[in-house]
K.L.:
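First the structure, which I've put down as structure tokens, then a few questions once you've had a look.
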Amino acid sequence: MAIIYLDNAASTWPKPPGVKEKMAEVIEDFAANPGRGGHALAMKASKTVFRTRVQLSRLFGIQNPNNLFFYLNATQALNQAIKGFLKEGDHVISSSVEHNSVRRPLEYMSKTKQVEVTYVEPRGDQLFHREDFVQAIRPNTRLVAISHASNLTGVILPVAELGEMAKQHGITFLVDASQTAGVLPIHVEEMKIDMLAFPGHKGLYGPQGTGGLYVHGDIDLEPLIHGGTGSQSEAIEQPTTRPDRYESGTVNTVGLAGLLEGVSYVMEKGVEDIGQHEWELVKKTIVGLGKVAGVTVYGPGSETKRVGVVSFNIQGVDASEVSFILDQQYGIATRAGYHCTPLGHQTAGTEQTGAVRASYGIFNTEKDVEILIEAVSEIAAAFR
Ligand SMILES: Cc1ncc(COP(=O)(O)O)c(C=O)c1O
């Protein structure tokens, strides 16, 4: 049975042609340590890492590639941004659809540094409105930290508007682009994003173990990790030069070589076209599942654009059981249960049930959607 992979919001699969080959080439030909030696193989490794930095900077409109630091995933990048920026007594504005990788560091800072957090909620239309964020501003608000899109409902937050708002009020703006990097256009200058965290293994089609953080040159974060950088080795203090200040230890050269291929593929296909493709699949899913008796689809309806994520439940059937049957009997890979976002589940009204999540990528087709809808119809009928 061929697998229909609908868990791209967790990690995309399959990867585009060239990713695996490039990673194998590094392992076979030049897996030396980048930035540590001056010999030819180390230089080749360094060049590969730098080229990935440059390509990502092109994608996100980052002027200086050295303001982009590599991490193993979005979670590490978000921890560096949040814990490295916030000071005792600061107030943060966030949203009620945050993933735990934003929420938990914020709650940790709240416990240990008396940081205050306001989670802005969507209105009755299930959308987020700039005015509600403006209302939340206090004299000690130093950071707005939000997801670009929910990993549960795919709802998109008005990032450009919130960037403008943050700038007007002198507040630093952090965006978690885990569900949007490679799917929606992101330009850090135009959208006034001061810090951007992203995974490499989702919409950028790199391997797991890759991700990064952009930090505007005027923002000085306290590094979370201290250690060897291959530079200023005689100094006992962490270097101030970027990216070294925030990249202690050996980076994932093999993974970053794969990420370069993935990002290049995305740029060649065009981010807007990819987003449109996923949106077409989502619309078809919302409309199709909406016609199945006993099925509830979460988030705004098919008239409101969202990223390639659709969460749903079949009345009277546990979400994990639905996902298990889809996997075992139909060869359809979805994710079930709770999606690392208790806030998001409260907002969607699924805190008691969890949900089945189907999420799309470049390689999914309309046929995949039709097979999913047919399978869900059969399961719903069997339990009626
Ligand atoms: C919105 C959001 N933020 C953060 C993350 C964490 O990403 P990573 O697994 O790369 O740390 C995810 C992963 O699903 C996500 O969906």
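Start at 1 and go down the list; that is how both ligands and their atoms are numbered. The figures here come from the full heavy-atom set of this structure, side chains too, leaving out hydrogens, waters and symmetry mates. Owing to the predicted nature of the structure, the values given are computational and were not obtained by experimental measurement.
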K.L.:
Looking only at heavy atoms, is any part of Asn73 under 4.0 Å from ligand 1, and if so is it the side chain, the backbone, or both, or is it neither?
P.N.:
both
K.L.:
Decide yes or no on side-chain contact (heavy atoms from CB on, under 4.5 Å) for Val282 and Val309, but give the supporting numbers first.
P.N.:
CA-CA 7 Å; Val282 163; Val309 173; over 6 Å; no
K.L.:
Closest by any non-hydrogen atom to atom 9 (O) of ligand 1: pick that one out of Arg335, Gln208, Arg103, His201.
P.N.:
His201
K.L.:
For ligand 1, which part of Gln179 has a heavy atom less than 4.0 Å away: the side chain, the backbone, both, or neither?
P.N.:
side chain
K.L.:
Quick one: which ligand 1 atoms are inside 4.0 Å of a heavy atom on Pro199?
P.N.:
10 (O)
K.L.:
Does Ser359 use its side chain to pair, donor to acceptor, with the backbone of Asn8 at less than 3.5 Å?
P.N.:
yes
K.L.:
Should you measure from each heavy atom of Asn151, which atoms of ligand 1 turn up under 4.0 Å away?
P.N.:
16 (O)
K.L.:
Considering only the protein, which heavy-atom contact is closest to atom 15 (C) of ligand 1, and what is its distance?
P.N.:
His99 CD2, 3.3 Å
K.L.:
Check whether any N or O atom of Ser147, backbone or side chain, sits under 3.5 Å from an N or O atom of ligand 1, and answer yes or no.
P.N.:
no
K.L.:
With no hydrogens and no angle check, is any side-chain donor or acceptor of Arg357 less than 3.5 Å from a backbone partner on Ala336?
P.N.:
no
K.L.:
For Ala10 and ligand 1, answer yes if some heavy atom of the residue is under 4.0 Å from a ligand atom, otherwise no.
P.N.:
no
K.L.:
Look at atom 6 (C) of ligand 1 and say which protein heavy atom is nearest, naming residue and atom and giving the distance to 0.1 Å.
P.N.:
Thr75 OG1, 3.6 Å
K.L.:
At what distance is the nearest protein heavy atom to atom 2 (C) of ligand 1, and which residue and atom is it?
P.N.:
Ser178 CB, 3.3 Å
K.L.:
Does the side-chain hydrogen bond (donor to acceptor under 3.5 Å, both in side chains) test come out yes or no for Ser248 and Gln238, once each step is laid out?
P.N.:
CA-CA 9 Å; Ser248 292; Gln238 190 74 1; 2.8 Å; yes
K.L.:
Compare all side-chain heavy atoms of Ile146 with those of Asp176 and state whether any distance is below 4.5 angstrom.
P.N.:
no
K.L.:
Which word best sums up how the rings of Tyr338 and His345 line up, parallel for under 30°, tilted for 30 to 60°, or perpendicular for over 60°?
P.N.:
perpendicular
K.L.:
At under 4.0 Å between heavy atoms, is it the side chain or the backbone of Ala74 that contacts ligand 1, or both, or neither?
P.N.:
both
K.L.:
Closest heavy-atom contact between Gly203 and Val266?
P.N.:
O-CG2, 3.5 Å
K.L.:
Taking the ring of Phe198 and the ring of Phe60, is the distance between their centroids below 6.0 Å?
P.N.:
yes
K.L.:
Check contact between Lys202 and ligand 1, using heavy atoms of the residue and a distance below 4.0 angstrom.
P.N.:
yes
K.L.:
Run down the list Val97, Asp176, Leu78 and name the one with the heavy atom closest to atom 1 (C) of ligand 1.
P.N.:
Asp176
K.L.:
Check ligand 1 against Ser101 and write out every atom of the ligand that is under 4.0 Å from a heavy-atom position of the residue.
P.N.:
3 (N), 4 (C), 5 (C), 6 (C)
K.L.:
Is it the side chain, the backbone, both or neither of Gln76 that has a heavy atom closer than 4.0 Å to ligand 1?
P.N.:
neither
K.L.:
Before giving the answer on side-chain hydrogen bond (donor to acceptor under 3.5 Å, both in side chains), spell out for His201 and Ser11 the whole-Å C-alpha distance, their side-chain angles and the decisive distance to 0.1 Å.
P.N.:
CA-CA 5 Å; His201 60 100; Ser11 282; 2.8 Å; yes
K.L.:
Closer than 3.5 angstrom, by distance alone: can the side chain of Arg142 be matched with the main-chain N or O of Ile171 as a donor-acceptor pair?
P.N.:
no
